[in-house]
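Notes follow once the structure below has been shown.
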Amino acid sequence: MGPEGITVEVAYARPERQWLVRVNLPAAATVADAVHSARNMADFPELGVAELVCAVWGELRPLDHPLRPGDRVEILRPLRLDPPTARRELAAAGRVMGQAGGASSD
């Protein structure tokens with residue numbers, strides 16, 4: 001996009017499907033703007049913007065974080081289990097994280 005705007009990518013993944021949507025936004029766009037724009041183009045209606053946790057290039061960022069051209073916004077799904085609980089449950093079953101059949105953090 002030209003000097004009046006920027007282009008960023010918005011990524012979201014569920015176990016069965018992943019999305020990567022490129023959106024054009026005004027130059028002063030935020031993480032929330034990118035997510036809102038991408039939601040109009042992709043199918044992840046289960047996400048409400050107010051409770052989203054997002055990252056830009058893997059670093060947690062608030063929804064009002066300003067974006068730069070080429071940024072990649074990642075929408076993070078909540079964990080089903082916190083890591084210490086998952087490790088305890090796996091240890092009780094005689095397994096470890098990362099082992100086939102181990103816990104999933106999605």
Open item on the list: Suppose we screen for side chain to side chain donor-acceptor pair (under 3.5 Å). Which residues come up paired with R88, at least two apart in sequence or across chains?
Closed with: T85
Task: CA sep, side-chain torsions, deciding dist, call: L63, T30, side chain to side chain contact (heavy atoms under 4.5 Å, CB included) - done: CA-CA 7 Å; L63 294 176; T30 65; over 6 Å; no
Task: Residues that Q18 engages under side chain to side chain donor-acceptor pair (under 3.5 Å), provided they are two or more places apart - done: none
Task: Side chain proximity check, E89 to P84, heavy atoms < 4.5 angstrom - done: no
Task: Interatomic distance, E9 atom CD to R72 atom CZ [nearest 0.5 angstrom] - done: 6.0 Å
- [ ] Could you tell me the separation between the CD atom of E4 and the CG atom of N24, rounded to the nearest 0.5 Å?
- [x] 9.5 Å
- [ ] Say whether, by atom type as modelled, one donor and one acceptor occur between the side chain of R22 and the main chain of T7 under 3.5 angstrom.
- [x] no
Task: For A34 against V10, the heavy-atom pair lying closest together - done: O-CG2, 3.6 Å
- [ ] For the pair V31 and D33, evaluate side chain to side chain contact (heavy atoms under 4.5 Å, CB included) and give the outcome as yes or no after the intermediate values.
- [x] CA-CA 5 Å; V31 168; D33 296 328; over 6 Å; no
TODO: Using a 4.5 Å cut-off on heavy atoms from C-beta on, say whether the side chain of V35 contacts that of V73.
DONE: yes
Open item on the list: Suppose we screen for side-chain contact (heavy atoms from CB on, under 4.5 Å). Which residues come up paired with A55, at least two apart in sequence or across chains?
Closed with: E74, L76
- [ ] Would you please name every residue forming a side-chain contact (heavy atoms from CB on, under 4.5 Å) with D71, sequence neighbours left out?
- [x] V8, V56, W57, L67, R68
Task: E59: partners by salt bridge (Lys or Arg N to Asp or Glu O under 4.0 Å), with sequence neighbours left out - done: none
Task: Contact summary for A27 and I6, nearest pair of heavy atoms - done: CA-CG2, 4.2 Å
